[in-house]
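Basis for what follows: all heavy atoms, side chains included, without hydrogens, waters or symmetry-related copies. Positions are given from 1, in the same order as the sequence printed here.
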Amino acid sequence: MALSVDSSWHRWQWRVRDGLAPSPSEATPLLSPEKGAQNYNLAQQRVVFPNNNVFHQDWAKFSRRYSGNRICTTKYTLFTFLPQNLWEQFHRWANLYFLFLVILNWMPSMEVFHKEITMVPLAIVLFVIMVKDGMEDLKRHRFDREINCSSIQIYERKEQSFVQKCWKDVRVGDFIQVQCNEIIPADILLLFSSDPSGICHLETANLDGETNLKQRRVVKGFSQQELHFQPEHFHNTIVCEKPNNHLNRFKGYMEHPDQTRTGFGNESLLLRGCTIRNTEVAIGIVIYAGHETKAMLNNSGPRYKRSKIERRMNTDVFFCIGILFLMCLIGAVGHSLWNGTFAEHPPFDVPDANGHFPPLALGGFYMFLTMIILLQVLIPISLYVSIELVKLGQVFFLHNDLDLYDEETDMSIQCRALNITEDLGQIQHIFSDKTGTLTENKMVFRRCTIMGREYSHQENAKRLETPKELDSDSEEWTQYRCLSFPARWDQGPGTMRGQGGAQPLRRSQSARVPIQGHSRQRSVGRCESSQPPVAFSSSIEKDVTPDKHLLTKVQDAALWLEDLSDTRPSKPSLSTTSSIADFFLALTICNSVMVSTTTEPRQRVTMPPSTKALGTSLEKIQQLFHRLKLSSLSQSFSSTAPSDTDLGESFGANMPTMDSEERDDESVGSGGYSTDGGYRSSTWEKGDILEVGTGASLEEVLQAPALGLASPELCYEAESPDEAALVHAAHAYSFTLVSRTPEQVTVRLPQGTCLTFDVLCTLDFDSVRKRMSVVVRHPLTGEIIVYTKGADCVIMDLLEDPAHVTDTDVEKKVRKIRARTQKHLDMYARDGLRTLCIAKKVLSEEDFQRWASFRHEAEASLNNRDELLMQTAQHLENQLTLLGATGIEDRLQEGVPDTIATLREAGIQLWVLTGDKQETAVNIAYACKLLDQTDTVYSINTESQETCESILNFALEEVKQFHGPQKPARKLFGFRLPPETPPPTSGAAVPEAGLVIDGKTLNAIFQGKLEEKFLELTQYCRSVLCCRSTPLQKSMLVKLVRDRLGVMTLSIGDGANDVSMIQAADIGIGISGQEGMQAVMSSDFAISRFRHLTKLLLVHGHWCYWRLARMVVYYFYKNVCYVNLLFWYQFFCGFSGSTMIDYWQMIFFNLFFTSLPPLVFGILDKDISMETLLALPELYKSGQNSECYNLLTFWISMVDAFYQSLVCFFIPYLTYKDSDIDVFTFGTPINTISLATILLHQAMEMKTWTIIHGLVLLGSFLLYFVVSLVYNATCVTCNSPTNPYWVMERQLSDPTFYLVCFLTPVVALLPRYFFLSLQGTYGKSPILKAQKIDKLPMDKRDLEIQSWRSSQRPAAVPGEAQPTHHPEPPAPGQDFRASTPKSSNPTKWKYMEDWVLPEERHSGDHIRDDTGSGDSWAKFSSGEHLLLEPSRVMAYGAHASGQTNLTRPFSRGSHRRSQSSLTI
């Protein structure tokens, strides 16, 4: 039962009811004086009493004042629907304006039409909208009733048992029992779980869309219970925070009868809307209910966004009001002047009841109001309804576009905001996330470094080079269901499937997030869809090919690890063998991955296989080794593995660490230690000298026991793809995570032995610490070990200072390990890999017990709990020992480079806002064509506001030399220039610029009030890349660009950290990726692939904007043209407010005769075909510049409307002048002529002609004659005394009528036709050229498009020298470093890469040697020396010249780049 309803009404209703004053339940003392109520801070806390016999009186007295669990998301009730809906509709000023006119017409002195007739248009509009709102609210009511009447087990105090009740009966303090696969009805605190370890598994798809399971734990002290929970034995009081909308934050404590406290947090809270999985029974106490639950507080409903056309239209409506005021003023003055010409009152001037005549001024005022009633149609009330209908039609075709459908995810585009479709055609800036948006968010293990030695995994790289995955996720899941398991598995212990013969719990239902009215699908059985239920488990993520050099060392480390004993010295060693063992143990243990089986993918494995059954002795391994060597398996492996020569060549090209220096000291630190248990030998240590066949056989040996036993049957379910990638990598080396409970984690070693580690504490990952730690007790040595993994920028600062080491040799080795590891990290980042550092720490028993007591106190604290927990984590995670680092690849989505290139051609500036490190983000930017090798890239990294200002000034001065100083100033006022601006002084090609900044620089910009200079610099850059940015910084950047530059912005992302950015932009787009659905649920449009942006913007966006813009202009023209006919008539009727057209004909004119053609035009018309729009992206610029609808086009249409109305009125007037026809006989030709003119005008606007277009236009014209003939034939006394009886019939028998109706539209439309002809013949607009190309045959059209595109590309001048400030870029294979004419030699590059180490950064001589004489140098006196080195590409790496701190010697933490640096 899904709960993701879009409604903000319930929040308003709840706050009106309880929020105007403090809620009685939280402002009234909750405890009697003898129970110490004065100890609670009731203004900031919530106190919950259990509903049992002990606390029943307190519960009955106070808990009923909390919000109940009944929800109401409807706007109306049966009695409030009519008045409330009318009240809301009259908040629209247009409806209020027409209501004012209706009231005026009821006054006898100003009555123009019959009172009832005047009400018809307004009543129709109000009724249509009322029906729509009523049906929407009825759906909400049915949905609420379904949820409120759902059943749940609630503890009944009198019956001493759980009874079946409805959700709406749940109250705060009730005990709730939830079964497996049931949805939680309220926010409850978990007190009991049928799982022996006190774990409850949740699926949070209804909240965030994530299908991977989350773990929740029973409150401490309640995990060891009997088989059944006894609510009557619960004698505790719960104190927690007041209701809030933070899904991931909750704190409180439980006060026991003895006044002791037990703290709890978010890990024990089960949120409303989540689904229980893999847990038979869970029991908890209700903390928040109904509209106070976190899920309901987060359902704020869709935001209302006004489109740019709507804002422009409101301005033009005021212009129309001004025109109406002027016309009414002319009518009032003319009426007074007309009456002033009579010496006596004319006979048609009727006095009042007392025989008095009103004065001329008052009569003029009455006529002013009368003219407002007469000319009211000038304000297009029907335009608003038509726009809504057109947008519904546009969304329908958008939703059914097969090109925007993704088969892999089975999702099409979702349109969640129906009122801003036309804004898709006017986007100028796109702000994009990187991970999951530009990339797949499928993390693939690529490389690792351990103790300073890098393992490149070349075989794994070759596997990933295949163009297509071997099988998709759905195919893999099909294979899971069809697996036949080995016999030895069936003979193994049954504990893998549960204890005591308990049947495994199956995931039998799936709750999906309802989007755009699509109902959630249910199915019974294990597999409800073709997709695998396990996230991050595709074959490309799981199947890691081990590095054969590392494989031999892993076997050595596993044998050494198995031989450890309690007598092993606790002194940490620097041996490669022990570090490799700890490295893979950290990959396996330091995570929150849940283990399950392929037969039951949601069935958690809690007991490991027997060690005895899986143990394999060294002799058996040797026998298996010889047996495999006799077979042909080794040959088959050798055929797939590279030879020594190939491997050496690949290492030489891609592994700069494999130099002679490292070959001499391959295993750093192993020479001085002999703690390897005697298993080490020179042959095992030197893995490089092993033969390929030997290495291959060893791999088969290591994989044989695993494949024969349980390796393929285990699957891992992780909360993040990074964790899954690391566990799969460890599994590839046969360090297999077998089972996990809150207290223990079991790892199977390569030889089959299982080690069970006691988990003493887990410090989960958070975005502030940027790391995760697990404290375990080693099963062999009894040591307490802290394994930590996290971002390199954090872990490297937490390492133990090498200066504290007493041994000088060891200190040198530690420094060398760090230097090489940092070197490898920078190399990984340059390759676009995501990096993580792995470290460990050994604690003494006394230190851990002291820290654990501090941790317990912090967890039990309610005030400053988060700060105290952070402090305890910082006390533990320091003085770490570095083990190594990993490089994980997040692959680009298909079509991303082409999409970015196309969007850039369309004139859209793309910014990438990411939290990744700078080097990784930049290399992804180069890979996806966001940055080009020929770009001038400015990199700004500083924390100082003064330095930031100096850098911005320097960069602006530098870039203005090429682009001219006037470009940013004009852009800062919202004007957009073409991206290619010729240099002011020479004809050479102007280099494109890019900007790269980080989060610290953004803080300096915002705090130092440097936004104007920053924006000025960005206007010269075609791409901006913001790294290490927080979600708040993302939204601040979007708002800054949107408000200061006045441009149309679009934000696109896929994760919860992108929600604020998505909501801040004019259009927010969510990608339904692997990070859940929070971004989708907060977005205006949802797509499944980044490449879909191309057609969404360039095709649908262009069409939606062009159609709606032209339709709005046409509506203004149509109404002004028709109303002016009545205005011109006033000059011939004494400004009396009379009409020459029957009022019913006027109503039908707007309601039937001219309403359908604009709707068809707005939904179906196409100015340019899809193929041409995609082939010529620059056509999109017409929407950016608002060429179809702006102030000029509006006034041109107004002038045209005035001219056509003059022709349509005065040609019939001159034709029938001095005749004796009646007024309706004169008005009928005018009405017919105006209809023909307006419809033909619409026909001239249409660019696509289909049967529908022709039928609608012809049908509207014929409908006019049919209705007029019937109306004039039947209406004898409908509008006495002027009745239109038989008027149309007599006109159709008059030849003059036909002649006038034929000639007048021709004369009226002749200027527009002439203008369109000239425009089509001599126009230079790209839109007009594209329309001409569209009319050509297919082959000629392709040739014209190719010619167009070739003419748009700037011709390269051969042999032209580049300016000294912009030398040639390095080759793609080289590192991204400051490239100068003197340093572009690949040999020189490799030389610098090999010999410049971080400890040598204080030496800047080599930097000056590599800098050309023409380079600009500058220094800033801001506390640090700043080196400004102009070059064409970014300098990255720990020792890049532009990132070098010239004054700081090497010390602890100096692996980070200088805090103030700029690379050009």
Side-chain angles (χ1 to χ4, degrees), residues 909 931 934-973 975 977 979-998 1001-1002 1004-1006 1008-1026 1040-1041 1044-1045 1362-1367 1378-1380 1407-1408 1411-1435 1441-1444 1446 1458-1464:
Q909 190 173 11
L931 296 175
T934 59
D935 289 349
T936 301
V937 179
Y938 297 83
S939 174
I940 307 179
N941 305 99
T942 179
E943 297 181 11
S944 169
Q945 298 177 12
E946 295 80 7
T947 306
C948 183
E949 185 175 8
S950 301
I951 293 175
L952 289 175
N953 290 333
F954 175 85
L956 281 171
E957 182 181 356
E958 175 77 16
V959 77
K960 285 178 181 179
Q961 299 176 7
F962 298 95
H963 296 274
Q966 77 280 358
K967 180 179 178 180
R970 293 177 66 187
K971 283 201 168 187
L972 284 176
F973 288 99
F975 294 98
L977 296 177
E980 293 86 14
T981 304
T985 57
S986 67
V990 177
E992 295 286 354
L995 178 63
V996 179
I997 60 174
D998 60 1
T1001 308
L1002 287 176
I1005 290 173
F1006 286 121
K1009 307 299 181 183
L1010 303 174
E1011 295 93 338
E1012 293 294 336
K1013 291 184 178 180
F1014 169 70
L1015 288 178
E1016 186 178 0
L1017 178 60
T1018 60
Q1019 298 314 295
Y1020 291 101
C1021 305
R1022 70 170 185 174
S1023 300
V1024 179
L1025 184 62
C1026 302
L1040 177 67
V1041 174
R1044 296 288 183 91
L1045 299 183
Q1362 295 291 336
T1364 55
H1365 287 282
H1366 304 282
S1379 175
T1380 62
I1407 300 175
R1408 289 188 178 270
T1411 305
S1413 60
D1415 292 343
S1416 302
W1417 288 82
K1419 288 188 178 181
F1420 295 92
S1421 57
S1422 59
E1424 289 184 328
H1425 293 288
L1426 181 64
L1427 174 63
L1428 301 177
E1429 181 180 353
S1431 67
R1432 189 170 285 277
V1433 293
M1434 185 95 55
S1441 58
Q1443 306 282 351
T1444 305
L1446 301 178
S1458 60
Q1459 291 184 343
S1460 302
S1461 59
L1462 168 69
T1463 303
I1464 304 176

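Interatomic distance, Leu1015 CG to Leu1010 CG, rounded to the nearest 0.5 Å: 11.0 Å.
Nearest approach of Gln961 to Glu957, heavy atoms of both residues: CG-O, 3.4 Å. Smallest separation of non-hydrogen atoms from Glu958 and Tyr938: CG-OH, 3.7 Å. The two residues Tyr1020 and Lys960 make their nearest non-hydrogen contact at OH-CG, 3.3 Å. The nearest pair of heavy atoms linking Lys1013 to Leu956 is O-CD1, 4.0 Å.
For Thr947 (side chain) and Glu943 (main-chain N/O), no donor-acceptor pair under 3.5 Å exists by modelled atom type. Distance alone, capped at 3.5 Å, places no donor-acceptor pair between the Glu949 side chain and the Gly1008 backbone. For Glu1012 (side chain) and Arg1044 (main-chain N/O), no donor-acceptor pair under 3.5 Å exists by modelled atom type.
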For Leu995 and Phe1014, what are the C-alpha separation, side-chain angles and deciding distance, and is it a side chain to side chain contact (heavy atoms under 4.5 Å, CB included)?
-> CA-CA 10 Å; Leu995 178 63; Phe1014 169 70; 3.7 Å; yes
Begin with the C-alpha distance, continue with both residues' side-chain angles, and end with the deciding distance and a verdict on side chain to side chain contact (heavy atoms under 4.5 Å, CB included) for Gln1019 and Leu1045.
-> CA-CA 10 Å; Gln1019 298 314 295; Leu1045 299 183; 3.1 Å; yes
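Contacts of Thr1001 classified as side chain to side chain contact (heavy atoms under 4.5 Å, CB included), with partners at least two apart in sequence or in another chain: Ile940, Thr942, Cys948, Ile997, Asp998, Ile1005. For Gln945, the side-chain hydrogen bond (donor to acceptor under 3.5 Å, both in side chains) test picks out no residue, with sequence neighbours left out.
The closest side-chain heavy-atom distance from Val1024 to Gln909 is below 4.5 Å.
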